[in-house]
Amino acid sequence: MFRTLRRALCVAAALLLPLAGTQTSAFADVDAQAGAGYWHTSGRQILDAAGQPVRIAGVNWFGFETANHVVHGLWARDYKSMIDQMKSLGYNTLRMPYSDDILKPGTMPDSISHDGKNTDLRGLTSLQVLDRIVTYAGQSGLKIVLDRHRPDAAGQSALWYTSAVPESTWIANLKALAARYKGNSTVVGIDLHNEPRDPACWGCGDTSRDWRLAAQRAGNAVLSVNPELLIMVEGVQSYNGVNGWWGGNLMGVAEHPVRLDVPNRLVYSAHDYATSVAQQPWFSDPSFPANMPGIWDKYWGYVFKQNIAPVWLGEFGTTLQPAVDRVWLSELVKYLRSTSAYGADGFHWTFWSWNPNSGDTGGILKDDWQTVDTVKDGYLASIKAPGFDPGPGPGPGGPGDPGGGNATCSAAYTVGSDWGGGFNSEVKVTNTGTLPLKSWKVTWTWSGSQKVTSMWNASHTQNGATVAAVNAAHNGSVPVGGSASFGLGGAPGGGGATGVSCTAT
């Protein structure tokens with residue numbers, strides 16, 4: 001993501017490459033237990049170690065690339081509660097931007113509160129904090145893609161190197177991270193460089209500007225250290241005079257594919273945004289939004305549709321303030337292919353951003369770093385995907401422990417807002433037992449004539465004043481000590497509940 005408006009981009013006429021027919025039946029079902037081990041590619045699919053198709057469906061949590069040298073929001077919350085909430089909402093992957101500054105010896109994080117939270121992060125370096133996040137994410141069943149977002153905390157760079165951070169440092173640091181997490185399959189891939197842009201080129205042959213050649217050099221260096229990692233390669237800004245979003249133009253892949261020494265490790269990545277980030281000619285086209293699938297096909301979608309390689313939309317986001325942005329996001333979600341219809345046979349994605357403090361997009365969280373923007377999150381519901389196998393739990397009673405244990409849970413019901421005619425509530429389910437939850441049910445009773453008008457991240461039945469809510473497909477699995485949550489709207493007001501209980505099913 002960038003923080004300045006791009007110069008106006010002109011779109012030259014370009015021939016659409018022919019699109020191969022889509023395939024659906026072979027990947028119509030995503031196993032909720034998929035995701036174990038390292039991943040590899042097969043055609044346009046990403047497969048886990050057992051050969052099951054998986055879908056990256058996640059969020060960007062930024063901050064390690066900034067002067068804080070750590071993910072943002074830890075001044076307000078514990079990092080574990082943040083990850084728990086991400087999982088409860090159905091996100092299964094974190095894209096973690098960083099700058100090369102965090103690999104400098106002794107780099108310390110800034111703006112972490114240790115007042116009753118993040119107490120285990122006290123005194124740790126930035127890299128050690130990243131270690132803790134990787135460990136907890138893995139235990140919770142989330143995967144991580146590391147994103148080299150900036151050469152240093154001062155800002156992004158058009159090319160993968162600067163005078164202060166040469167290519168040799170970039171590659172050495174990529175290799176260092178690959179070595180640091182070797183054997184830990186929570187970290188499944190590395191995004192080599194964020195948003196290459198002019199004067200970066202694709203396939204021009206100039207080694208000082210040709211991003212495709214640089215990606216080959218860096219990708220092969222990473223694979224020489226850990227041949228199991230996925231290598232994520234973003235696009236550029238312009239190709240043959242056709243401009244697009246920074247990092248969002250993969251038109252050159254057709255003629256000049258990236259070639260890695262280890263097969264089945266390459267994932268192409270694009271970024272795409274709405275008018276809250278910058279205006280583009282296609283937003284004002286009279287045919288909008290019918291023109292958008294053709295735009296996406298041209299810039300990056302064809303790579304997936306022609307079965308060349310998997311495509312990961314590493315960033316997309318909007319404030320949702322202009323009406324055109326809401327239309328754009330609705331159309332983009334349809335283009336990315338719903339999980340219910342296509343399983344894992346769709347585009348991979350990580351939304352920008354989890355953070356509310358992204359100036360031109362906002363985030364899934366609101367400014368208090370607690371409350372979910374349910375409208376924004378709701379747009380993504382159809383493309384969320386099942387979570388992945390959590391890592392082994394610590395100590396007796398953890399996953400696979402032969403010594404027995406019990407599966408129990410508790411539920412906390414909170415009314416977030418009540419305006420008389422209606423209300424919104426959030427329910428947090430916590431695993432209080434010694435075994436992971438496979439599924440759960442929460443019941444409660446209202447005092448009046450309240451009815452559920454909407455519910456997200458759960459489904460329900462209602463009998464009079466008593467409501468029973470069961471988990472959605474993506475949040476039934478809850479690790480020991482972990483939590484999941486769901487929300488609801490009801491009417492009329494006065495939605496306080498009694499007799500709230502949770503049952504592990």
- line: Between Tyr98 and Asp100, the two heavy atoms sitting closest are CD1-N, 4.3 Å
- prompt: Which heavy atom of Ala491 sits nearest a heavy atom of Gly421, and at what distance?
  reply: CB-O, 3.4 Å
query: Is it true that atom CG of Asp368 has more than 12 heavy atoms of other residues, nucleotides or ligands lying nearer than 6.0 Å?
result: yes
Intermediate values then yes/no, side-chain contact (heavy atoms from CB on, under 4.5 Å), Val267 and Thr41: CA-CA 8 Å; Val267 176; Thr41 69; 4.0 Å; yes
- prompt: When you look at NZ of Lys376, are more than 12 heavy atoms from neighbouring residues, nucleotides or ligands closer to it than 6.0 Å?
  reply: yes
message: Within this structure, what is the CD1-OG1 distance for the pair Ile133 and Thr186, rounded to the nearest 0.5 Å?
response: 12.5 Å
Value rounded to 0.5 Å, distance of CH2 in Trp349 from CG in Leu313: 10.0 Å
task: State whether Asp101 and Lys104 are salt-bridged, where the test is any N-O pair (Lys NZ or Arg NE/NH1/NH2 against Asp/Glu carboxylate O) under 4.0 Å.
output: yes
message: For Trp300 and Trp296, take the angle between the two ring planes, folded into 0 to 90°, and tell me which bin it lands in: parallel under 30, tilted 30 to 60, perpendicular over 60.
response: tilted
message: For a 4.5 angstrom cut-off between non-hydrogen side-chain atoms, does Ser449 reach Pro492?
response: yes
- prompt: Going by atom types only, do Thr432 and Thr408 share a side-chain donor-acceptor pair under 3.5 Å?
  reply: yes
field: Check: Leu365 and Val372 side chains under 4.5 Å, non-hydrogen atoms
entry: yes
task: Working to the nearest 0.5 Å, report the span between CG of Asp147 and OG1 of Thr350.
output: 8.5 Å
query: Would you say the side chains of Asn475 and Ser88 form a donor-acceptor pair under 3.5 Å?
result: no
Side-chain (Thr125) to main-chain (Gly106) donor-acceptor, under 3.5 angstrom: no
statement: Smallest heavy-atom separation, Ala411 atom then Val427 atom, equals CB-CG1, 4.2 Å
query: Would you say the side-chain atoms of Arg337 pair up with the backbone N or O of Tyr342, donor to acceptor, closer than 3.5 Å?
result: no
field: Side-chain donor-acceptor contact under 3.5 Å, Asp297 with Tyr335
entry: yes
- request: Work out which heavy atom in Pro196 is nearest to a heavy atom in Gly235; give both atom names and the distance.
  value: CD-O, 3.4 Å
- request: Enter the distance from Asp325:CG to Thr318:OG1 here, rounded to the nearest 0.5 Å.
  value: 3.5 Å
Side chain to side chain donor-acceptor pair (under 3.5 Å) between Arg132 and Asn118, worked out: CA-CA 10 Å; Arg132 295 293 176 96; Asn118 302 306; over 6 Å; no
- prompt: Tyr299 and ring pair (Phe, Tyr, Trp, His ring centres under 6.0 Å): which partner among Trp282, Trp246, Tyr268, Trp245?
  reply: Trp282
- prompt: Where the side chain of Thr66 meets the backbone of Asn68, is there a donor-acceptor pair that is under 3.5 Å apart?
  reply: yes
- prompt: Where do Ala290 and Pro293 come nearest, in terms of heavy atoms and distance?
  reply: O-CD, 3.5 Å
message: Can you confirm whether Leu320 sits close enough to Val375 that some side-chain heavy atom of one is under 4.5 Å from a side-chain heavy atom of the other?
response: yes
- prompt: Is the Phe316-Tyr273 ring centre distance short of 6.0 angstrom?
  reply: no
Whether Gln52 side chain and Gly35 backbone form a donor-acceptor pair below 3.5 Å: no
- prompt: Is the side chain of Asn471 donor-acceptor paired with the backbone N or O of Trp440 at a distance under 3.5 Å, no angle test?
  reply: yes
task: Kindly indicate whether the side chain of Tyr38, heavy atoms from C-beta on, has any atom under 4.5 Å from the side chain of Asp48.
output: no
task: Keeping the roles fixed (side chain from Tyr91, backbone from Ile83), state whether a donor-acceptor pair exists under 3.5 Å.
output: no
query: What is the distance from atom CD1 of Ile144 to atom CG of Leu130, rounded to the nearest 0.5 Å?
result: 6.5 Å
field: Lys143 side chain to Ser185 backbone, donor-acceptor under 3.5 Å
entry: yes
query: So, Asn431 side chain and Leu435 main chain: donor-acceptor pair closer than 3.5 Å or not?
result: yes
query: Is a side-chain donor or acceptor of Asn60 paired with a backbone partner of Gly314 at a separation under 3.5 angstrom?
result: yes
query: Which distance, rounded to the nearest 0.5 Å, do you find between the OG of Ser358 and the CD of Glu315?
result: 8.5 Å
field: Donor + acceptor pair across side chains of Thr319, Thr361 (<3.5 Å)
entry: no
task: Decide whether Asp120 and Tyr136 meet the rule of one side-chain donor and one side-chain acceptor closer than 3.5 Å.
output: no
message: Do Trp39 and Leu229 make a side-chain contact, defined as non-hydrogen atoms from C-beta onward lying under 4.5 Å apart?
response: no
message: Quick check: closest heavy atoms across Lys384 and Leu89, and the distance to 0.1 Å?
response: NZ-O, 2.5 Å
message: Could you check whether His149 and Trp352 have their ring centres less than 6.0 Å apart?
response: yes
- request: Mind running salt bridge (charged side-chain N to carboxylate O under 4.0 Å, His left out) on Glu65 and Arg95 for me, showing each step along the way?
  value: CA-CA 12 Å; Glu65 83 283 17; Arg95 180 175 181 257; over 6 Å; no
Basic-acidic side-chain contact under 4.0 Å: Arg180, Asp131: yes
- request: Taking the six-membered ring for Trp and the full ring for Phe, Tyr or His, determine whether the centres of His69 and Phe64 are under 6.0 Å apart.
  value: no
- request: I would like to know whether Thr339 and Arg55 meet side chain to side chain donor-acceptor pair (under 3.5 Å); could you show each step before the answer?
  value: CA-CA 9 Å; Thr339 301; Arg55 184 177 199 180; 2.9 Å; yes
message: Can you see whether Trp369 has Arg77 sitting over its ring - NZ or CZ less than 6.0 Å from the centre and within 45° of the normal?
response: no
query: Under a 4.0 Å N-O cut-off, is there an ion pair linking Arg148 with Glu195?
result: no
- request: Using the side chain to side chain donor-acceptor pair (under 3.5 Å) rule, take Ser287 and Asp285 through it: C-alpha gap first, then chi angles, then the decisive distance, then the call.
  value: CA-CA 5 Å; Ser287 65; Asp285 189 299; 2.7 Å; yes
task: Using atom types as modelled and distance alone, determine if a side-chain donor or acceptor of Gln462 lies under 3.5 Å from a backbone N or O of Gln450.
output: yes
